[in-house]
Q: 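I'd like to ask some things about the structure below.
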Amino acid sequence: MTTRWGIAATGRMAAAFATDLALVPDAELAFVGSRTPDRAAEFAGQFSASGSGTYRDLLAADLDVVYIATPHPQHHALALAAIEAGTPVLVEKAFTATLAGAQEVVDAARAAGLFCMEAMWTRFQPAVVRAKELVDAGEIGEPLMVTADFGAQRDFDPASRLFDLALGGGSVLDLGVYPISLAQYVLGRPDSVTVTGTTYPNGADRSAAIHLAHEDGRAAALMCTLAAETPGRAVVVGTEGSLELQPRFHHPDSFVVRRNGQDPEEVELPRTGAGYFHQAVEVQRCLAEGLTESPTMPLADTLDVQWVLEECLGQLGIEIGEASVEL
């Protein structure tokens, strides 16, 4: 069966996803919604979508799932509106701007019995899937630590979405969500969060050094910044070896396993397209099987990550709220 997709928004993320969606078997981009109908029409023409219009038009369309790719604070309102309209959702990460907003979306999806997933595409990369299988199988023993960095150099521009707090700007929500989600995937929800960082003149976070501690001594040391490019490497350390997701870890084509007393083993598993292909395949699989959550990216994990994000922002003295969206 063909899965009829809708996309809410027409920015860079929406374009990247639409490009990969064209590679997914049995996927159709059926509708594009935007605050600006003319922009939606232009985007629909670029990616051969069947229809376009406002967000209200999108929610009224005959769709199997909507991908929400607006700025973080707008995810909450659009996801709730889609769920109320009876449409499953794939919500770009960070899932929402606040933990309370994330919980509200999760509660609504569960109450409606509708599929809902955070678009953490990293978990569906073939190399990450295989790496997680090896970790779960005990190939490096019991996981003890995770280290990961994600830095991207961007010139400060208070008018840019990347730095505008009203649009969820700053390094933590944009970049930090990746290492935090990886650490949660391997180690589970931490017991405490400690963060130090720096901010831009408008108060948006420029850099964050994040320590996630577990009561049993396991821990994660994570870093994100918009001030400079960093390698983008992630390492899982276990009692019997380590596993390195090679740069950039959030969409790797390979990883290296270092088992104690043995030569390193490199495993290559390239992604399809830019890598967004794989999460779309997972959504379609879940819908076809009648699942309301992905076993790989369950909503409980999303809430754990959202809690860490909120702890980080709070310790940095940053307040970001959910935004209303005109439908």
Side-chain angles (χ1 to χ4, degrees), residues 11-13 71-73 75 92-99 102 118-122 145-187 189-214 218-237 244-252 302 304-323:
R12 181 181 61 83
M13 284 305 308
H72 317 304
H75 295 172
E92 190 51 60
K93 40 80 193 110
F95 190 70
T96 54
T98 66
L99 177 58
E118 180 182 10
M120 179 45 74
W121 59 310
T122 297
M145 297 181 291
V146 173
T147 65
D149 68 273
F150 195 168
Q153 193 278 320
R154 299 291 185 270
D155 292 333
F156 176 62
D157 176 3
S160 167
R161 182 204 67 79
L162 278 176
F163 305 98
D164 187 343
L165 289 175
L167 296 177
S171 68
V172 169
L173 288 184
D174 232 66
L175 304 180
V177 64
Y178 284 103
I180 290 170
S181 184
L182 178 66
Q184 190 279 336
Y185 196 32
V186 175
L187 300 176
R189 177 182 171 129
D191 295 301
S192 66
V193 178
T194 304
V195 61
T196 58
T198 62
T199 57
Y200 290 103
N202 68 342
D205 52 294
R206 174 174 51 195
S207 63
I210 304 163
H211 182 74
L212 307 182
H214 295 252
R218 293 175 302 130
L222 315 173
M223 181 271 284
C224 60
T225 183
L226 288 165
E229 197 86 8
T230 68
R233 179 176 288 105
V235 179
V236 180
V237 179
E244 176 189 355
L245 293 173
Q246 297 186 300
R248 287 197 173 249
F249 77 85
H250 66 296
H251 57 112
T302 290
D304 285 351
V305 169
Q306 203 72 44
W307 173 74
V308 174
L309 291 171
E310 189 152 294
E311 285 288 309
C312 290
L313 293 176
Q315 290 181 35
L316 293 172
I318 297 169
E319 292 187 14
I320 298 177
E322 308 296 356

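Numbering of residues begins at 1 and proceeds along the displayed sequence.
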Q: Checking Glu311 side chain against Thr194 main chain: does a donor-acceptor pair fall under 3.5 Å?
A: no
Q: So do the side chains of Arg161 and Asp174 get within less than 4.5 Å of each other, counting heavy atoms only?
A: yes
Q: Give a yes or no answer on whether the side chain of Gln315 reaches the backbone of Val195 with a donor-acceptor pair at less than 3.5 Å.
A: yes
Q: Can you tell me how far CG of Leu222 sits from NE2 of His211, rounded to the nearest 0.5 angstrom?
A: 9.5 Å
Q: Between Met120 and Val177, does the side chain to side chain contact (heavy atoms under 4.5 Å, CB included) criterion hold? Intermediate values first, please.
A: CA-CA 9 Å; Met120 179 45 74; Val177 64; 4.0 Å; yes
Q: Show your working on side chain to side chain contact (heavy atoms under 4.5 Å, CB included) between Asp191 and His214 and close with a plain yes or no.
A: CA-CA 5 Å; Asp191 295 301; His214 295 252; 3.9 Å; yes
Q: First locate atom CZ of Arg233, then atom CG of Asp149, and finally report the distance between them rounded to the nearest 0.5 Å.
A: 7.5 Å
Q: How about Val236 and Leu182: do any of their side-chain heavy atoms sit closer than 4.5 Å?
A: no
Q: Would you mind reporting whether Ile320 and Glu322 have side-chain heavy atoms less than 4.5 Å apart?
A: no
Q: Taking all non-hydrogen atoms of both residues into account, name the closest pair between Ala97 and Gly321 and its distance.
A: CB-O, 3.7 Å
Q: If you look at every heavy atom in Ala183 and Leu212, which pair is closest and at what distance?
A: CB-CD1, 4.1 Å
Q: How many angstroms lie between OG1 in Thr122 and CZ in Arg248, if you round to the nearest 0.5 Å?
A: 11.5 Å
Q: Please confirm whether the backbone N or O of Glu92 pairs with a side-chain atom of His75, one donor and one acceptor, at under 3.5 Å?
A: yes
Q: Would you name the heavy atoms of Leu187 and Arg218 that are closest together and state the gap between them?
A: O-NH1, 3.0 Å
Q: If you round to the nearest 0.5 Å, how far is CZ of Arg154 from CG of Leu162?
A: 6.5 Å
Q: Say whether, by atom type as modelled, one donor and one acceptor occur between the side chain of Gln306 and the main chain of Thr96 under 3.5 angstrom.
A: yes
Q: For Val172, does its backbone N or O pair with a side-chain atom of Asp205 as donor and acceptor, under 3.5 Å?
A: yes
Q: In Å, rounded to the nearest 0.5 Å, how long is the span from CD1 of Ile180 to CG of Asp304?
A: 12.0 Å
Q: Within the 4.5 Å heavy-atom criterion, are Glu244 and Val235 side-chain neighbours or not?
A: yes
Q: Output the distance between atom CG (Leu309) and atom CG (Leu99), rounded to the nearest 0.5 Å.
A: 9.5 Å
Q: Of all heavy-atom pairs between Trp307 and Pro190, which one has the smallest distance, and what is that distance?
A: CZ3-O, 3.6 Å
Q: Any idea which heavy atoms bring Pro158 and Phe163 closest together, and the distance?
A: CA-CB, 4.4 Å
Q: Kindly assign one of parallel, tilted or perpendicular to the pair Tyr178 and Trp121, based on the angle between their ring planes and the thresholds 30° and 60°.
A: perpendicular
Q: Should the pair Tyr200 and Phe156 be assigned to parallel (<30°), tilted (30 to 60°) or perpendicular (>60°) ring geometry?
A: parallel
Q: Give the C-alpha distance, both sets of side-chain angles, the deciding distance and a yes or no for side chain to side chain donor-acceptor pair (under 3.5 Å) between Ser171 and Thr225.
A: CA-CA 5 Å; Ser171 68; Thr225 183; 5.8 Å; no
Q: Give the C-alpha distance, both sets of side-chain angles, the deciding distance and a yes or no for side chain to side chain contact (heavy atoms under 4.5 Å, CB included) between Met223 and Thr230.
A: CA-CA 10 Å; Met223 181 271 284; Thr230 68; 3.6 Å; yes
Q: Which heavy atom of Ala148 sits nearest to which heavy atom of Ala234, and what is that distance?
A: CB-CB, 3.9 Å
